[in-house]
Amino acid sequence: MTVSEIRGHHPILTPKAMGEVDRAAIQSGIDGYRLMLIAGAAISACVLEHYPEATGAIVLCGPGNNGGDGYVAARGLAEAGMPVRLYSSVDPERLKGDAATARDDWQGPIHSLADLDWRDSEIVIDALFGAGLDRPVEGAVAEAMMTVVSSELPVVAADLPSGVSGRTGEVQGVALSAEHTVTFATYKPGHFLVPGADYCGDVHLIDIGIPQREIDAHDQNLWLNTPEIWSDRIPEPKLSGHKYSKGHLGVFSGAFSHTGAARLAAHSALRAGAGLVTVLAPASAIASNAAHLTAIMLRNVSSDEDLDALLQDQRMNGFVLGPGFGVGEKTCGFARTIISTDRALVLDADGLTSFKDNAEDLFSAIADGAAPVILTPHAGEFSRLFPDLAADTELSKVDRARMAADRSGAVVLYKGADTVIAAPDGRAVINVNAPPWLATAGSGDCLAGIIGALLVQHVPAFEAAAIAAYMHGEAGMELGEGLTADDLADGILSPSVLFE
Ligand SMILES: NC(=O)C1=CN([C@@H]2O[C@H](COP(=O)(O)OP(=O)(O)OC[C@H]3O[C@@H](n4cnc5c(N)ncnc54)[C@H](O)[C@@H]3O)[C@@H](O)[C@H]2O)[C@@H](O)CC1
Ligand SMILES: [K+]
């Protein structure tokens, strides 16, 4: 199963929290070795299912319980008739607990990793390090891993590809690149955060018998962004509804030669179900916008006075500010004015960069205002608004997004192949359905428009960002490689159609 096909309600736990869950489960009377037997069996089953023709396997076992999984998997493969050669990165006498039991139950020889020879093998089982990786991989183990990388043999990883941090997805020293990763009880952030996601291949989540109550008790308020998280928030079309009941979104356009971004956002918003969408353009951009708009309305908003007049119409209940708008004090002023009302605001692109030197002004405006605000930075914009968080290499992308949401008082949608959405109350999701070809010019403008469309339909800010990221990814998957942002804006389906 590829990650884009994952359905259901999936909490994501850090390796540390998962370790606590394991310990709590074992303390409650569950046999730890039995969990390891199920984990190891799932790894051997994955190998046999995906590489049925393989005539030989090497199993690489490390110093902890991840290595224990490897011994169990080796036994499963040998019992299925596959020739197996097992290598340990440490003196096997050093293993403790369940891993030592697994070693004792392995009947074959144990070779030293220093003697690694892969030439008559067709598959590698990586059980060197899993949740317990706590420092960069170096020395002889790193060299052996580099040998595996250069062999180009397919790798099946136990829990995590060795060298990938389950907490951050960062590579610690070197990492193996797996075609399949078999993980247990819950997903870990490192399966989805880049670069870890690229090293995991297909991630298979296996229920090894850890009770759900233990997982729930260690809930970290972090989930995979699946429809089950927010399906009850999808706006329902009402027979009695009219266009104003579906909201009215205003999208600010830049000056005369910078109008395309706003139109992409506006088109996407209309497709995504906003009742009415108006492009709000300065006088210099009226003609160029008028030449391209039909279902979308157009209004001249050049000055602060124009904006004040516009805000008299209570029915315009949300705004997108930033795409193509230009960086400067005018942008900051418009943002502050909108935030001081109760209208929703998606602050994107130039809207974010404009606050580079006065981010605190933005955050205090948000704290004083009643409006739901969503900030949608990519990595560069994030580092302009939150330079200290961006520079702190100890933090994961989830940590950064959460701390940014807490500091700003806004929902933060931190873009990338591994978009993270975080709310000031601590909730966070990782979005995983975006194909790589979605990273195309104008794609972010479309996303801003979709979020705006959901906000004006009264979807709460966190859910609006999460649903929009998912819809954006689905449209990208549906349209396929080579799409342009114009295709994307045309290809957005309203949530009631997409999720019917
Ligand atoms: N009951 C359980 O706790 C279960 C655990 N399971 C497996 O157990 C794993 C976690 O086991 P552990 O907590 O023992 O952790 P690991 O087996 O991932 O690694 C811990 C060991 O590696 C060493 N180490 C960490 N980083 C290193 C580096 N860079 N270079 C050299 N040595 C390094 C540590 O000192 C420690 O000895 C999971 O990933 C999973 O595969 C599964 O068997 C399911 C049940
Ligand atoms: K591993």
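In listed order, ligands and their atoms are each counted from 1.
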Worksheet item: Does any N, O or S atom in Asn66 come within less than 3.4 Å of the K ion (ligand 2)?
Response: yes
Discussion item. Among residues at least two apart in sequence or on other chains, which ones pass ring-ring contact (aromatic ring centres under 6.0 Å, His included) with His458?
Written reply: none
Item to complete: Establish, from distance only, whether the side-chain atoms of Ser443 and His472 form a donor-acceptor pair under 3.5 Å.
Response: yes
Worksheet entry | Aromatic plane relationship, Tyr414 with Phe382 - under 30° parallel, 30 to 60° tilted, over 60° perpendicular | parallel
Item to complete: Fit a plane to each ring of Phe363 and Phe386, take the angle between them on a 0 to 90° scale, and name the class: parallel (under 30°), tilted (30 to 60°) or perpendicular (over 60°).
Response: parallel
Worksheet item: Name the residues with a heavy atom less than 4.0 Å from ligand 1?
Response: Asp22, Ile26, Leu35, Met36, Pro63, Gly64, Asn65, Asn66, Asp69, Phe129, Gly130, Ala131, Gly132, Leu133, Asp134, Arg135, Pro136, Val137, Asp159, Phe184, Ile208
Worksheet item: Is there a donor in the side chain of Arg384 and an acceptor in the side chain of Thr353, or the other way round, less than 3.5 Å apart?
Response: yes
Discussion item. Quick check on the K ion (ligand 2): does Gly70 put an N/O/S atom closer than 3.4 Å to it?
Written reply: no
Worksheet, complete the sentence: In this structure, the K ion (ligand 2) sits at the vertex of an angle between O of Leu160 and O of Phe129 that rounds to 10° as 90°
Worksheet item: Under the 3.5 angstrom rule, does the side chain of Asp105 hit a backbone N or O of Val72 as a donor-acceptor pair?
Response: no
Fill in: Presence of N, O or S from Asp69 under 3.4 Å of the K ion (ligand 2)
no
Worksheet, complete the sentence: the K ion (ligand 2) has as its nearest N, O or S atom from Asp126 the atom O
Discussion item. Tell me whether the rings of Tyr87 and His111 are parallel (<30°), tilted (30 to 60°) or perpendicular (>60°).
Written reply: tilted
Worksheet item: Of the backbone and side-chain N, O or S atoms of Ala157, does one lie nearer to the K ion (ligand 2) than 3.4 Å?
Response: no
Item to complete: May I ask you to check whether His204 and His50 place their ring centers less than 6.0 Å from one another?
Response: yes
Worksheet item: Cut-off 3.5 Å, side chains only: do Ser494 and Ser496 have a donor facing an acceptor?
Response: yes
